[in-house]
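Starting from 1, each residue takes its place in the sequence as its number.
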Amino acid sequence: YPPAPAADPGLLQWGGVLNAVGSAERGVQACQNCHGPAGTGMPPNYPRLAGQYAPYLAEQLRAWRSGERVQQPINLMG
């Protein structure tokens, strides 16, 4: 595998905060509330995040944000 690109430390820290506590300002709950502290999820409603490739996760989050990603009937991520 090619080496991972250098990451912005501030952005990494912000991602850690979103995972752990979410963002009240943006109306986003903590990722680990549903996907678990280890990111293993509880399929089928809460898919695993752990072990997914970063480009895949980035694309899914982009599609979710833009409304391109089809949501479940109860719109859990909405």
Item checked: Over all atoms of both residues, closest heavy-atom pair of H35 and Y46 -> ND1-C, 4.1 Å

Margin query: Tell me the closest heavy-atom pair linking G41 and P43, and the distance in Å.
Written below: C-CD, 3.8 Å

Next item on the list: For residues 40-67, pull every pair meeting salt bridge (Lys or Arg N to Asp or Glu O under 4.0 Å), keeping only residues two or more places apart or in separate chains.
Entry: E59-R62, R62-E68

Only distances under 3.5 Å count here; give the side-chain donor-acceptor pairs of residues 11-34 to other protein atoms, sequence neighbours excluded, each with its distance to 0.1 Å.
| residue | atom | partner | partner atom | Å |
| --- | --- | --- | --- | --- |
| S23 | OG | R26 | N | 3.3 |
| Q29 | OE1 | N33 | ND2 | 3.0 |

